There are 2 protein chains.
Amino acid sequence: MSNQIELRHLTYFLAVAQELHFRKAAEKLFISQPGLSRQIKQMEEILETQLFERNKKKVGLTPAGHYLKKEVEFIFNHMEKVERQLKLVGDGDSGELRIGFLGSAMQQVIPKMLLQIKEKYPKVKTSLEELSNFAQVDAVLKNQLDMGFVRVSRVPSTLEMKTVFTDTFSLVLPERYPMLTREFDGMERFAKEDFILFSQAYSPLYYDTILSICKDAGFAPKISHKSVHAHTIFKLVENHMGIAIVPTSLQNGFQMRVKFVELKDIPQRAELSVIWKKEHTNPVLKNCMELLLEG
Amino acid sequence: MSNQIELRHLTYFLAVAQELHFRKAAEKLFISQPGLSRQIKQMEEILETQLFERNKKKVGLTPAGHYLKKEVEFIFNHMEKVERQLKLVGDGDSGELRIGFLGSAMQQVIPKMLLQIKEKYPKVKTSLEELSNFAQVDAVLKNQLDMGFVRVSRVPSTLEMKTVFTDTFSLVLPERYPMLTREFDGMERFAKEDFILFSQAYSPLYYDTILSICKDAGFAPKISHKSVHAHTIFKLVENHMGIAIVPTSLQNGFQMRVKFVELKDIPQRAELSVIWKKEHTNPVLKNCMELLLEG
DNA sequence: TCAATTCATAACTATGAGTAATCAAATAGA
DNA sequence: TCTATTTGATTACTCATAGTTATGAATTGA
């Protein structure tokens, strides 16, 4: 004899509790009446509580039965809700998307994506975390993040990477820096300047790219300061601590007294990429990735 | 293949979700690992949702799995509570007691019983309804009430009845009614008075008893008013609309300008009885009845 | 490369849910 | 007052399936 209540018992109990009639309840359940009687009896034995009073011609609920009926109805309602919700979570219409990003991704890509997600999948919850390139790669690998927005040249083979935004670089100069923009004739003239860059540890690709730009211009930059925040870099430039080269899109979104000079003619580009796990199982990620790459 | 989730599935799912290890989970459940694997797989098929990601060496929860884990934990906690509560309801430590009563039972018996119940069975909820004798008998028979407090001579054979309070009758007279209490010499002198009584339909036994008192005194009372509320009766007496005979215990609990004269020397008594169904199944009733009859 | 893990698969066993046939008791109708 | 009908319970059976053992395939670490 089994000694554990099963959902079957609860289903049968509810049918009898509603019909107050074993034969009718059995019909409704598409089982035979003896089978139903035995299951109910077994249920009462397991719970050590009488649920029905039967006096050969009438069936009624005991107080315990009344109580249980209400509770079973609640439990079934709840389970139905869970089952519906589970489908949604499984289909990616609902759930959570954990996003890592570099500060520079906040200018364009992320806000646009968040709006699209909110419109198409309003039940999806997003969480954002600003992290370095390396920390994002690590977190995605560990399944602490679903996706990351990074500037890296390559990632481990278990990750996917797609470029989502390509940007030119711009020189960042103090507002009154003596230079006629129309006569800008290359990087060479900045060989003697102090440079303020994003930390190498924070973004190796960026760092290497800046070095290559300078190298193409025939000099190695004198690096005076390093930072992980664009805002800090701009402040330093503003206060004549040096000049910087950053992705052009950082021009928007900061209040600052600096001058941007877009380096259109050099081949280097700042590429922002999404990364995610190849074999992820988050349906929300799949849906949102489609939005990001197609929309 | 079964196509319905059972509690077994949820139990197994929770074990795996907690251990994130099939063999360990199977050990904890005292079943074999292949059996567990198959049940989980079946569960995923029924729900049409993948719950775990297994890559041959590691087991992890999918987002849907995470969601379901929380929900299953909630459901199990709830069910445990229900099971405990069900035992209490079955034992009569918890539950509901629906009580019917006559206004006059509110003077002594009911408040005392409610206090005792509250002390010994604090989880028991009581509901009170003031009803006529007939309505109470009817409601107890229909299982709308668990117990009733009535003044009747007899009840249908499916009900039990026990006297819980015996009371003398008292004459109710206007405050300044001319009478020397020490020289009270019988009912005879009130033969000409108007009488105010409880309605016959409300309490036939009371009605008959009053008639018998008067008959013993050698007269038939002139009945001027009938009421179902003691308060109304007292008000009428106060305003010289007549005199009344009521159970003595009604002397307490009302603010009124009337005089009570206890009829100690007549044989009639006002008996208050509890009634309940012989074959009831409410354990709360059983326990509370013991309190009432023994305490 | 080998030993030791992991979970999945396959074939089998045995428990117990569900069945059909029947019973005993209660009701309703003649 | 006697059926005829209806109720839920009981009995004996069968068959679906949860759980078993044995094994396989893949991963990991020495």
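These numbers come from a predicted model, not from an experiment. Just so it is clear: chains get the letters A, B, ... in the order the sequence lines come, proteins before strands, and each one is counted from 1. Atoms considered below: every heavy atom in the structure, side chains included; atoms not considered: hydrogens, waters and symmetry mates.
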field: Between D:dT6 (C1') and A:Glu27 (CD): distance, integer Å
entry: 13 Å
- prompt: Are there more than 12 heavy atoms of other residues, nucleotides or ligands under 6.0 Å from atom CD of B:Glu83?
  reply: no
- prompt: Rounded to the Å, how far apart are A:Met43 CE and C:dG16 C1'?
  reply: 18 Å
- request: Run the ring-centre check on A:Tyr202 versus A:Tyr207 and record whether the distance is less than 6.0 Å.
  value: no
- request: Just report the end-to-end axis angle for the helix from C:dT1-D:dA30 to C:dA30-D:dT1, five pairs per end, to 10 degrees.
  value: 20°
task: Quick one: label B:Phe52 by what it contacts on the DNA or RNA (base, sugar-phosphate, nothing), any heavy atom closer than 4.0 Å.
output: nothing
message: Check the orientation of A:Phe22 and A:Phe52. Use parallel for under 30°, tilted for 30 to 60°, and perpendicular for over 60°.
response: perpendicular
message: Check this one for me: any side-chain N or O of B:Ser37 less than 4.0 Å away from OP1 or OP2 of C:dA8?
response: yes
- prompt: Hey, which of these two, B:Pro34 or B:Arg23, hits DNA chain C nearer its 5' end, going by closest nucleotide?
  reply: B:Arg23
message: Quick one, A:Val59 and A:Glu53 - any side-chain contact, counting heavy atoms below 4.5 Å?
response: no
- prompt: Between B:Arg38 and C:dT9, is there a side-chain N or O to OP1/OP2 distance below 4.0 Å?
  reply: no
query: Quick one: on DNA chain C, does B:Gly35 or B:Lys24 contact a more 5' nucleotide (nearest heavy atom)?
result: B:Lys24
- line: To the nearest angstrom, the CD1-P distance between A:Ile40 and D:dT10 comes to 14 Å
message: C:dA8, OP1 or OP2 - any side-chain N/O from B:Arg54 closer than 4.0 Å?
response: yes
message: Can you tell me if A:Lys41 touches the phosphate of D:dT10, counting only side-chain N or O atoms and a distance under 4.0 Å to OP1 or OP2?
response: yes
task: Compare side-chain N and O positions of A:Gln33 against OP1 and OP2 of C:dG18 and report whether any pair is under 4.0 Å apart.
output: no
Lys/Arg-Asp/Glu bridge criterion (N-O < 4.0 Å) met for B:Glu294, B:Lys120: no
- prompt: Can you tell me how far C1' of D:dT17 sits from CD of B:Glu45, to the nearest Å?
  reply: 14 Å
message: In whole Å, I'd like the distance from the CD atom of B:Glu6 to the P atom of D:dA18.
response: 9 Å
- prompt: Does any non-hydrogen side-chain atom of A:Gln136 lie less than 4.5 Å from one of A:Glu129?
  reply: no
message: What is the distance, to the nearest angstrom, from the CD1 atom on B:Ile5 to the P atom on D:dA18?
response: 11 Å
Below 4.0 Å: OP1/OP2 of D:dA18 and any side-chain N or O of B:Tyr12: no
query: Ion pair present between A:Glu48 and B:Lys87, side-chain N to carboxylate O less than 4.0 angstrom?
result: yes
query: Between D:dT20 and B:Ser32, is there an OP1 or OP2 to side-chain N/O distance shorter than 4.0 Å?
result: yes
field: Rounded distance (Å) that lies between atom P of C:dT9 and atom CD of B:Gln39
entry: 14 Å
field: B:Lys58 NZ - D:dG29 C1' separation (whole Å)
entry: 13 Å
